[in-house]
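A short worksheet on the structure shown next.
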Protein chains: 4
Amino acid sequence: MVDKPVPDATRRSEKSRRAIHDAALALVAEVGYPKTTVEAIAARAGVGKQTIYRWWPSKADVLLEAFLDLGAQTARELGQEPYVIPDTGDLAVDLKAVLRATVDELLDPRFEAPARALAAEGLVNEPLGREFVAKLLEPQLRLYVDRLRSAQDAGDVRPDVDPRIALELFVSPLAQRWLQHTGPISYEYTDTLVDYALHGLAPR
Amino acid sequence: MVDKPVPDATRRSEKSRRAIHDAALALVAEVGYPKTTVEAIAARAGVGKQTIYRWWPSKADVLLEAFLDLGAQTARELGQEPYVIPDTGDLAVDLKAVLRATVDELLDPRFEAPARALAAEGLVNEPLGREFVAKLLEPQLRLYVDRLRSAQDAGDVRPDVDPRIALELFVSPLAQRWLQHTGPISYEYTDTLVDYALHGLAPR
Amino acid sequence: MVDKPVPDATRRSEKSRRAIHDAALALVAEVGYPKTTVEAIAARAGVGKQTIYRWWPSKADVLLEAFLDLGAQTARELGQEPYVIPDTGDLAVDLKAVLRATVDELLDPRFEAPARALAAEGLVNEPLGREFVAKLLEPQLRLYVDRLRSAQDAGDVRPDVDPRIALELFVSPLAQRWLQHTGPISYEYTDTLVDYALHGLAPR
Amino acid sequence: MVDKPVPDATRRSEKSRRAIHDAALALVAEVGYPKTTVEAIAARAGVGKQTIYRWWPSKADVLLEAFLDLGAQTARELGQEPYVIPDTGDLAVDLKAVLRATVDELLDPRFEAPARALAAEGLVNEPLGREFVAKLLEPQLRLYVDRLRSAQDAGDVRPDVDPRIALELFVSPLAQRWLQHTGPISYEYTDTLVDYALHGLAPR
DNA sequence: CAGTAACCGAGACGGTACGTCTGGTCTTTAT
DNA sequence: ATAAAGACCAGACGTACCGTCTCGGTTACTG
């Protein structure tokens with residue numbers, strides 16, 4: 001069992017890397033993930049196939065990197081909000097705002113196709129799934145944990161509540177509706193989720 | 001554009017159908033979905049490839065049908081109550097019981113491999129996804145809706161709560177943890193979900 | 001090794017047999033031998049595939065029988081000449097007449113397609129080849145042998161000449177030109193063959 | 001209607017080409033032409049199927065090229081005189097010698113199987129047939145034409161004889177006997193053919 | 001400032017699976 | 001019992017991609 005020699009990253013062509021990213025994202029959006037082949041990415045990027053296989057182990061990894069890059073770049077363009085959940089003191093208001101922004105993102109076709117493709121691949125390809133969760137999902141979820149902890153400090157959430165579980169009450173339903181088309185997605189829906197989660201279903 | 005002639009279903013070989021189901025489920029469990037090829041299913045089932053292509057449009061559909069059949073058959077073997085949520089009068093107890101049973105099922109490797117594979121394929125293959133949801137997910141969710149409505153009648157759930165949304169507070173988090181490995185699955189976890197969902201996060 | 005039970009020939013459908021013959025000849029003429037499939041013959045003849053496989057071992061045999069039948073039928077229709085080479089007393093004249101008739105037949109598209117197909121199959125499928133030769137070729141050649149012997153009796157051919165070989169001097173060249181397209185076929189050509197064969201190439 | 005892109009012949013693998021030739025010839029000899037499949041050739045040659053389809057349009061063309069190559073190679077090995085008919089001054093002797101050599105070749109199983117297969121395919125597949133004739137048959141026949149012309153110059157053949165037709169008197173009968181098994185092949189037979197052809201059948 | 005080593009575009013290669021087609025057998029229903 | 005119909009097992013077809021490899025050519029370090 002020999003490791004393949006590690007290529008020299010310093011000599012890597014940045015132009016090719018970006019062209020591959022762009023081609024991968026474009027193809028996924030245009031023809032869907034399963035029909036997005038490595039050959040097609042290479043052809044579209046004007047790149048040899050080997051240049052892809054040299055730097056990525058699979059097309060899923062190409063797409064994941066391209067998508068992460070897209071996220072980073074978009075964030076940089078938007079500039080402002082350095083990925084925190086606002087803290088106006090009113091937890092419900094803050095959560096609703098963030099979830100509404102998430103709704104917008106989930107419905108943006110630029111994000112939808114690759115995100116869904118990566119999620120799907122991640123279900124079945126465990127290493128990729130773990131990377132997807134670790135690099136994309138967890139950082140987001142951590143922000144909710146932080147905000148919920150701050151709310152606990154302020155007495156707006158019961159102290160015995162586990163924030164890591166609590167956040168799933170409003171995040172997971174939205175995720176499932178989006179991923180599996182189990183229901184429509186709207187501001188009203190996410191607002192309702194926040195209300196239910198904060199105050200429960202049982203009468204007070 | 002010509003439709004291919006519809007084969008005569010009355011002359012279909014039931015033996016072959018079952019052999020194909022079994023082979024498909026076995027292969028998915030053994031080598032995973034992507035490596036489960038139509039050729040391998042045919043070979044394992046002792047069947048010509050054409051017999052698969054005659055009756056199913058794709059391997060995803062074979063697997064979906066096999067899985068639905070497996071579910072129906074398992075339910076038939078278990079015999080008794082064909083999937084209802086118990087109604088002891090104590091909503092929390094009933095939900096926790098059902099979710100614990102769900103946890104068991106999700107961790108049963110017989111179910112896990114094909115279920116995950118189908119879920120993944122469904123994310124990216126919309127017709128299949130819709131069928132997956134309609135035939136497998138929704139029937140389950142409807143049971144929760146019924147139980148929650150009964151709880152509303154009993155005054156255990158606020159009457160203005162939408163049951164279809166409410167059930168997602170405990171079902172979706174479990175689904176997401178299972179699908180995306182975003183956290184461990186246990187009885188304790190599902191119990192907690194029920195408690196949080198019923199009573200909310202905010203102090204009373 | 002079991003022999004398959006011999007079907008009862010007395011109950012055989014004559015209508016089907018003829019329909020299969022016709023379909024086979026028509027298909028060979030229309031789409032060529034390699035594209036003439038048993039399925040297509042059956043469909044065109046309005047017959048089940050099994051009816052073909054019950055009575056013939058292969059499509060080549062179907063075609064051979066159909067072709068022999070066609071020959072017999074044509075001969076019956078033409079009526080007159082009961083397959084003999086005329087004997088006017090002038091060997092050269094007689095041979096030229098028969099060869100000119102053969103040229104006409106070889107250029108008749110009704111005969112060309114199946115005859116060529118059978119010849120080709122016969123090259124590679126030895127049992128069929130032998131049957132083709134025995135049933136079609138040899139009877140024809142025997143007529144030449146008879147005529148040449150009669151010529152020997154009349155002193156028009158040297159008595160030490162082997163008629164079975166002698167006939168090949170004019171028959172085989174024509175056959176090869178036709179089969180392999182190694183040269184054009186015409187009355188002039190066959191007349192020349194007869195002249196060369198009878199009098200040789202060397203000056204007298 | 002798009003042409004498929006022409007592959008770059010300079011990068012072609014000579015090793016693969018030869019392996020395919022060898023496999024094709026071996027298989028035809030072993031199992032016969034119809035059972036020689038492209039898949040089997042590829043497998044035996046240790047080559048991907050696409051490598052065959054990239055360079056040849058059909059298995060018949062593979063075999064034709066392989067056979068031509070074999071002929072060229074054999075000729076090269078034999079070394080000396082690259083296929084001429086000897087000219088000792090005695091036409092009969094020369095022709096008999098060449099035809100005896102041809103008999104040997106026709107009975108050599110290394111040549112027989114592919115040659116027969118190609119001839120058969122050529123009957124039914126016209127482009128291939130034309131190539132077979134042009135590349136294999138005609139060059140041989142041209143040698144006879146030359147020798148006959150030389151004989152005409154020497155006064156051993158009548159000057160009004162067409163050599164292209166004359167050669168068929170002894171070549172075609174041999175060809176037909178070999179191809180169609182219409183009679184045995186032997187030195188005695190070919191000697192007789194030459195005698196008959198040169199001096200005719202009619203008494204002098 | 002040549003020499004040389006790596007990456008690069010290109011694409012042929014050995015493979016695997018695809019979805020289709022046909023061969024020859026078997027089964028069902030009707031005559 | 002034969003026939004029409006057609007589903008069945010089997011396996012080759014020709015295509016599409018996979019991931020590896022080999023080929024010049026073009027940078028961009030090194031001696």
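As the structure is a prediction and not an experimental result, all values here were calculated from the model. Naming convention: chains lettered A, B, ... in sequence-line order (proteins, then strands); numbering from 1 in each chain.
Contact check for H181(B) versus V133(A): no side-chain heavy atoms found under the 4.5 Å cut-off. Looking only at side-chain heavy atoms (C-beta outward), T51(D) and R54(D) come within less than 4.5 Å of each other. Side-chain contact between L136(A) and F67(A) is present, with heavy atoms from C-beta onward closer than 4.5 Å. Between E121(A) and F132(A) the shortest side-chain heavy-atom distance does not fall below 4.5 Å.
Sorted by residue number, the members of residues 12-26 of chain A with any non-hydrogen atom under 4.0 Å from DNA chain E read R12(A), S13(A), S16(A). Within residues 31-44 of chain A, the residues that place at least one heavy atom under 4.0 Å from DNA chain F are, in residue-number order, T37(A), V38(A), E39(A). Within residues 48-68 of chain D, the residues that have a heavy atom under 4.0 Å from DNA chain E are, in order of number, G48(D), K49(D), Q50(D), T51(D), R54(D), W55(D).
Each of A45(A) and P7(D) has a nearest nucleotide on DNA chain E; the 5'-most of these lies closest to A45(A).
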Next item on the list: Starting at the 5' end of nucleotides 23-31 of chain F, put B wherever the base has a protein heavy atom under 4.0 Å, S where only the sugar-phosphate does, and a dash everywhere else.
Entry: ----B----

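Considering only residues two or more places apart in sequence or on other chains, P34(B) meets the side-chain contact (heavy atoms from CB on, under 4.5 Å) condition with V124(A). For E131(C), the side-chain hydrogen bond (donor to acceptor under 3.5 Å, both in side chains) test picks out K135(C), with sequence neighbours left out.
A salt bridge does not link R44(C) with E39(C): every distance from a Lys NZ or Arg NE/NH1/NH2 to an Asp or Glu carboxylate oxygen is 4.0 Å or more. Between D69(D) and R17(D), at least one side-chain N (NZ, or NE/NH1/NH2) sits under 4.0 Å from a carboxylate O, which counts as a salt bridge.
In this structure, R12(D) forms a cation-pi arrangement with W56(D), its terminal cationic atom sitting closer than 6.0 Å to the ring centre and no more than 45° off the ring axis. Relative to the six-membered ring of Y33(D), K59(D) meets both conditions, a distance below 6.0 Å and an angle of at most 45° to the axis.
Rounding to the nearest 0.5 Å places CG of N125(D) at 11.5 Å from CZ of R130(D).
When all heavy atoms of L118(C) and A60(C) are compared, the pair lying nearest together is CD2-O, 3.8 Å.
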